[in-house]
Visitor: 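My questions all concern the structure below.
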Amino acid sequence: MTDYELIRSKRRTLELRVLEDGRVQVRAPQRAPLRMVQTFVDSRRQWIRDQQQRQASRPRQRWQDGSTLVFRGQPLTLDVSPGRWSVSVSGGYLQVRVAEPDSETAVQQAVERWLREEARPLFADSIERQFGWFARQGYARPVLRVKKMRTRWGSLSAKGYINLNMALLHYPPAALDYVVMHELCHLQHMDHGPGFHALMDTRMPDWRQRKHLLDQPLYQP
Ligand SMILES: [Zn+2]
């Protein structure tokens, strides 16, 4: 019998999900009888196994001593050892000191905290270097927000925020500058029409090559 978590909701149909860690969730209408849910799960057993296998073989970032983390396009080897919290780059290594060096979660948390600290000044610097022309056109400098986003590299909000994906830290600086320039160009053109592309071509003639840098899977959460 397959183990699963049952979530009752206002929906009308049954839905099956296999999470990234392989756990199975079933969403069911409030009154669906348990026997019906169980029959449904049993009928999808092969599908569940396939999904679990696919999740398990999916390449993902590992957080152990010796694993590789790409930072700004450069591979760094994690050097994890026990100690008081500290994370720093030294040569080709990312030295991580944590109380529990054998816990991937602890290492991930330490490195993500460090990444968050690194992101702000690096992203702000990219905006600073590229904002001059927009300032001369009279645009207000958007306020930076660093975010963990699943589907977008960046966005520019009408309220004056430029949101940048923390995962940009794993890509070469040229790719970060491209995303920042793309969002800044939205100050002038909200859509992706011909005007927008003409402005990109003027401000950053090689933006297409830079954009391709983002096609590589350098970081898989
Ligand atoms: Zn856009």
Side-chain angles (χ1 to χ4, degrees), residues 20 59-132 134-135 141-157 159-187 203-204 206-207 209-221:
E20 283 179 5
R60 63 174 182 93
Q61 180 63 48
R62 303 308 303 257
W63 305 95
Q64 297 164 323
D65 187 50
S67 42
T68 302
L69 179 82
V70 183
F71 179 65
R72 313 206 83 203
Q74 302 292 329
L76 297 175
T77 304
L78 295 194
D79 170 17
V80 182
S81 56
R84 268 192 60 193
W85 188 92
S86 87
V87 178
S88 60
V89 179
S90 169
Y93 290 90
L94 185 66
Q95 293 181 326
V96 184
R97 306 277 168 274
V98 282
E100 299 169 82
D102 293 329
S103 155
E104 281 201 71
T105 309
V107 173
Q108 177 175 5
Q109 278 171 357
V111 175
E112 283 189 347
R113 184 172 138 191
W114 173 78
L115 286 168
R116 197 167 272 283
E117 286 168 5
E118 292 291 301
R120 186 152 277 281
L122 291 169
F123 291 4
D125 173 70
S126 175
I127 297 169
E128 174 72 30
R129 278 184 287 105
Q130 303 188 90
F131 190 68
F134 296 90
R141 181 189 304 246
V143 177
L144 169 63
R145 286 197 298 205
V146 180
K147 291 189 162 184
K148 255 183 158 182
M149 295 190 271
R150 270 187 171 269
T151 53
R152 294 202 287 185
W153 292 112
S155 64
L156 187 84
S157 83
K159 288 184 182 151
Y161 291 100
I162 180 168
N163 302 306
L164 296 174
N165 193 331
M166 219 169 87
L168 282 167
L169 273 183
H170 303 290
Y171 290 80
L176 167 66
D177 287 348
Y178 155 72
V179 173
V180 168
M181 181 57 85
H182 177 110
E183 300 311 335
L184 290 178
C185 285
H186 279 317
L187 289 168
R203 304 304 329 144
M204 183 176 267
D206 63 347
W207 68 267
Q209 284 106 284
R210 293 168 181 255
K211 185 170 188 254
H212 281 309
L213 295 169
L214 294 166
D215 296 340
Q216 333 162 60
L218 293 184
Y219 177 71
Q220 285 163 305

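Just so it is clear, the model here is predicted, and its values are computed rather than measured.
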Visitor: Less than 4.5 Å apart, any side-chain heavy atom of Val146 and any of Leu164?
Guide: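 With C-beta onward as the side chain, the pair stays apart.
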
Visitor: Determine whether a donor-acceptor pair (N or O, by modelled atom type, separation under 3.5 Å) exists between the side chain of Glu118 and the backbone of Arg113.
Guide: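 Checked: no pair found.
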
Visitor: Side-chain contact test, heavy atoms from C-beta onward, threshold under 4.5 Å: evaluate it for Val180 versus Phe131 and give yes or no.
Guide: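 No, their side chains stay 4.5 Å or more apart.
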
Visitor: Write down the atom of Gly91, the atom of Leu76, and the distance for their closest heavy-atom approach.
Guide: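 For Gly91 and Leu76, the tightest heavy-atom pair comes out as O-CD2, 4.0 Å.
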
Visitor: May I ask you to decide whether Glu112 forms a salt bridge with Lys148, counting only side-chain N to carboxylate O separations under 4.0 Å?
Guide: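 Yes.
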
Visitor: Using a 4.5 Å cut-off on heavy atoms from C-beta on, say whether the side chain of Leu168 contacts that of Trp153.
Guide: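 The answer is yes; the side chains approach within 4.5 Å.
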
Visitor: May I ask you to test the Val89-Trp114 pair for a side-chain heavy-atom distance under 4.5 Å?
Guide: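 Contact flag for Val89/Trp114 side chains = yes.
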
Visitor: Taking atom CZ of Phe134 and atom CD1 of Ile127, what is their separation to the nearest 0.5 Å?
Guide: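 Result: 11.5 Å between the selected atoms.
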
Visitor: Return the minimal non-hydrogen interatomic distance between Arg120 and Leu144, and the atom names on each side.
Guide: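 The answer is NH2-O, 3.2 Å.
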
Visitor: Working to the nearest 0.5 Å, report the span between OG of Ser88 and CG of Leu94.
Guide: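 Taking OG in Ser88 and CG in Leu94, the distance rounds to 7.0 Å.
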
Visitor: Give a yes or no on whether the backbone of Gln130 and the side-chain of Arg203 come within a donor-acceptor separation of less than 3.5 Å.
Guide: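 Not a single qualifying donor-acceptor pair exists.
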
Visitor: Could you pull out the closest heavy-atom pair between Asn165 and Met149, with the gap in Å?
Guide: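 Smallest heavy-atom distance, with atoms named: ND2-O, 2.9 Å.
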
Visitor: What pair of heavy atoms forms the shortest contact from Leu214 to Ala175, and how long is it?
Guide: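 Smallest heavy-atom distance, with atoms named: CD2-CB, 3.9 Å.
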
Visitor: If you count heavy atoms of other groups shown closer than 6.0 angstrom to CZ of Arg145, is the number above 12?
Guide: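 Yes, because the 6.0 Å sphere around CZ of Arg145 holds more than 12 heavy atoms from other groups.
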
Visitor: When you measure from the side chain of Tyr171 to the backbone N and O of Leu218, does any donor-acceptor pair fall under 3.5 Å?
Guide: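 Yes; judged by distance alone, with no hydrogens or angles, the pair exists.
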
Visitor: Nearest 0.5 Å please: distance from the CG atom of Leu78 over to the OG1 atom of Thr68.
Guide: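 Between Leu78 CG and Thr68 OG1, I get 7.5 Å after rounding to 0.5 Å.
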
Visitor: More than 12 heavy atoms of other residues, nucleotides or ligands under 6.0 Å from CD of Glu100: yes or no?
Guide: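 Atom CD in Glu100 is not crowded, with 12 or fewer foreign heavy atoms closer than 6.0 Å.
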
Visitor: Inspect the surroundings of OH in Tyr161 and state if more than 12 heavy atoms from other residues, nucleotides or ligands are less than 6.0 Å away.
Guide: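 No, not enclosed.
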
Visitor: Please find the pair of heavy atoms, one from Leu115 and one from His170, that lie closest to each other, and give the distance.
Guide: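 Between these two residues, the closest heavy atoms are CD1-CE1, 3.9 Å.
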
Visitor: Which residue in the set Leu69, Leu176, Leu122 passes side-chain contact (heavy atoms from CB on, under 4.5 Å) when paired with Leu169?
Guide: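 That would be Leu122; it is the only one of Leu69, Leu176, Leu122 passing the side-chain contact (heavy atoms from CB on, under 4.5 Å) with Leu169.
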
Visitor: Please check this pair: side chain of Gln74 against backbone of Phe71, looking for a donor-acceptor N/O pair closer than 3.5 Å.
Guide: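 Flag not set: sc Gln74 to bb Phe71 has no pair under 3.5 Å.
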
Visitor: Indicate the ring-plane relationship of His182 and Tyr178, choosing parallel, tilted or perpendicular according to the 30° and 60° boundaries.
Guide: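 Answer is perpendicular, since the angle exceeds 60°.
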
Visitor: Just how far is it from atom OG of Ser81 to atom CD of Gln95, taken to the nearest 0.5 Å?
Guide: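 Nearest 0.5 Å value for the OG-CD distance: 7.5 Å.
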
Visitor: Verify, without hydrogens or angle tests, whether Arg210 (side chain) and Ala174 (backbone) share a donor-acceptor contact under 3.5 angstrom.
Guide: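 At least one qualifying donor-acceptor pair exists.
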
Visitor: Does any non-hydrogen side-chain atom of Gln109 lie less than 4.5 Å from one of Val98?
Guide: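 Answer no - side chains too far apart.
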
Visitor: Which atoms form the tightest heavy-atom contact between Pro142 and Leu184, and what is the distance?
Guide: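 Looking at all heavy atoms of both residues, the closest pair is CG-CD2, 4.0 Å.
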
Visitor: Does any part of the side chain of Cys185, heavy atoms only, come nearer than 4.5 Å to the side chain of Leu156, both counted from C-beta?
Guide: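 SC-SC contact between Leu156 and Cys185 ruled out.
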
Visitor: First locate atom OG of Ser157, then atom CD of Glu183, and finally report the distance between them rounded to the nearest 0.5 Å.
Guide: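 Between Ser157 OG and Glu183 CD, I get 10.5 Å after rounding to 0.5 Å.
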
Visitor: Classify the angle between the aromatic ring planes of Tyr219 and Trp63 as parallel (below 30°), tilted (30 to 60°) or perpendicular (above 60°).
Guide: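 If you compare the ring of Tyr219 with that of Trp63, the planes turn out perpendicular.
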
Visitor: Heavy-atom distance under 4.5 Å between the side chains of Met204 and Asp177, does that happen here?
Guide: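 Sidechains of Asp177 and Met204: in contact.
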
Visitor: Side chains of Gln64 and Glu104, heavy atoms from C-beta outward: is any pair under 4.5 Å?
Guide: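 With C-beta onward as the side chain, the pair touches.
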
Visitor: Could you tell me the separation between the NZ atom of Lys211 and the CE atom of Met181, rounded to the nearest 0.5 Å?
Guide: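 CE of Met181 is found 16.0 Å from NZ of Lys211.
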
